[in-house]
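Lettering of chains follows the sequences in order, A, B, ..., and the numbering in each one begins at 1.
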Amino acid sequence: MLDIKLLRQHNDIIKKALADRGEDFDIKTLQVIDEKHRSILSELEALRYRKNKASEQVAQMKKKGENADDIVSEMKSVSDKIKILNDELSDSDATIHQILLNLPNIPHGSVPIGKDSSQNPIVKKVGSIPRVDFEQKPHWDLGEKLNIFDFERAAKITGARFPLYIGAGAKLERALINYMLDLHTTQHGYTEVLPPFMVNRLSMTNTGQLPKFKEDLFKIDGWDYFMIPTAEVPVTNIHQDEILDEDALPILYTAYTPCFRSEAGSYGKDTRGLIRQHQFNKVELVKFTRPESSYEELEKLLNDAEAVLKNLELPYQVVTLCTGDLGFSAAKTYDIEVWMPGQHVYREISSCSNFEDFQARRANIRFKEKGKKGTKLVHTLNGSGLAVGRTLAALLENFQQPDGSVVIPKVLRPYMNGMDKIQP
RNA sequence: GGAGAGAUGGCCGAGUUGGCUGAAGGCACUCGCCUGCUAAGCGAGUAAGUGGUGAAAGCUGCUUCGAGGGUUCGAAUCCCUCUCUCUCCGCCA
């Protein structure tokens, strides 16, 4: 959510941000309602002042045993007026709030302006793509041969786009989760959390999934609960409505959760393999920081996610999302894309974003500076560290051997009971 | 699912015969004093949000005692609904 003061004082900034994002949004309505809102408010405050003074007076008169009937009857009508204005005020307040909830964040100054993902500049490429003298297969072919996952049976259990891992596949998925969590907690300073996998409407609204993107979510029938599309939602909401101690910042959490996405509008896209599922596993990194250090922390967050790929010896590239491709809540986002030799493409495997105070304002997450009055909003950040299913797919494609076996990267072997290869 | 108790400031915790209670007391924190050091002690200060005024310190209006509604001139206090927490019973991984 944006600060309404920004609308009053610098609406040109908002207009530019919306234009850069390619959004068609009418700010004028908001301005008109806001003006009316403030005029009602000042009238209402004057009446409330009178009411407060009068009831003080009544209290004193009654104490002395005097008759206060005149004031009482006058205040009756004032109270009625207050009630009417109060209703008007809460109407306009609700309207303003709804509009603000639908306004996206303002891109950071360093974000390149562009229309869509084709205009995301590449920041760097890491790791070399080895030359091999055999045809590398996509992971779905490999997985079938190795008998480590089974989408047909998963479809029988649930439907399309659900994974069923078997044997070494299930173990490898679990090994990746454990390896990532261990790396982030022991090497990068994150605290592990295991949050609820369903959240309520407010939590979804706080991080920005609602109200605009409800069609992307799975909702629980009969409850106002939603399956989480990412651990970002429950983990960011840990500190919902809190005033944090400045000494506690930055706060770093890592969490493994399954993620549930309806993938509405992606029918026919990435239908094969592990790339686009309704349920997938992810290890997430979440930070709460002071405003002045959030961009420094974004770079560190990116490094922490990259470390996983480096240690797994997977080649990847990093891109900066341009304004047209930037997510609703984000001010700046780096995507990490891993090389998939079986498909000859780079695939997104992590997305690292700084939301600045956009989520913090919605979720009311603040911190207090010692010796200073008032509070400030924290900045929130998060990134995948990493998407586990896609990592497993990348491992299969990158480490496949001509005989169809797949070599397990060294760092994962302790998590696989020493297994160094998956054989067909 | 049944019965009961509760939700107050950064934290703990008073206040429920309605009226200087935005809220006692404690802890924590800040500043000052004191004390070889530390600890203790003494004094002062410290909720948030939002508006006005001011260069600033400050002064000042309004709102907020889980959420929403009601009674009343006036509600942390009375009534209703909801949410959450805790205890006991039942059921259960």
Ignoring backbone atoms, test whether [X] places a side-chain nitrogen or oxygen under 4.0 Å from the OP1 or OP2 oxygen of [N].
| X | N | value |
| --- | --- | --- |
| Ser79(A) | U72(B) | no |
| Lys51(A) | U63(B) | no |
| Arg48(A) | U50(B) | no |
| Thr375(A) | G49(B) | yes |
| Lys76(A) | C73(B) | yes |
| Asn52(A) | U63(B) | yes |

Centroid separation Phe197(A) to Phe260(A) less than 6.0 Å: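 No; Phe260(A) has its ring centre 6.0 Å or more from that of Phe197(A).
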
Look at the side chain of [X] and decide which nucleotide, out of [options], has an atom nearest to it.
| X | options | result |
| --- | --- | --- |
| Tyr49(A) | G19(B), C73(B), G61(B) | G61(B) |
| Met75(A) | G51(B), C73(B), C62(B) | C73(B) |
| Ser55(A) | G61(B), C84(B), G74(B) | G74(B) |

Value in whole Å for how far the P atom of G61(B) lies from CD1 of Ile82(A):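 It is 16 Å, rounded to the nearest whole Å.
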
Euclidean distance, atom CG of residue Asp87(A) to atom C1' of G69(B) [Å, nearest integer]: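 Taking atom C1' of G69(B) as the reference, CG of Asp87(A) is at 11 Å.
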
Which part of the nucleic acid does [X] contact within heavy-atom distance under 4.0 Å: base, sugar-phosphate only, or nothing?
| X | value |
| --- | --- |
| Arg361(A) | nothing |
| Arg38(A) | nothing |
| Lys368(A) | sugar-phosphate |
| Lys53(A) | nothing |

Note, Leu30(A) side chain near Leu100(A) side chain (heavy atom, < 4.5 Å):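 Leu30(A) reaches Leu100(A) side chain to side chain.
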
Between Asp93(A) and Ser90(A), a side-chain donor and acceptor under 3.5 Å: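 Result is no, nothing qualifies.
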
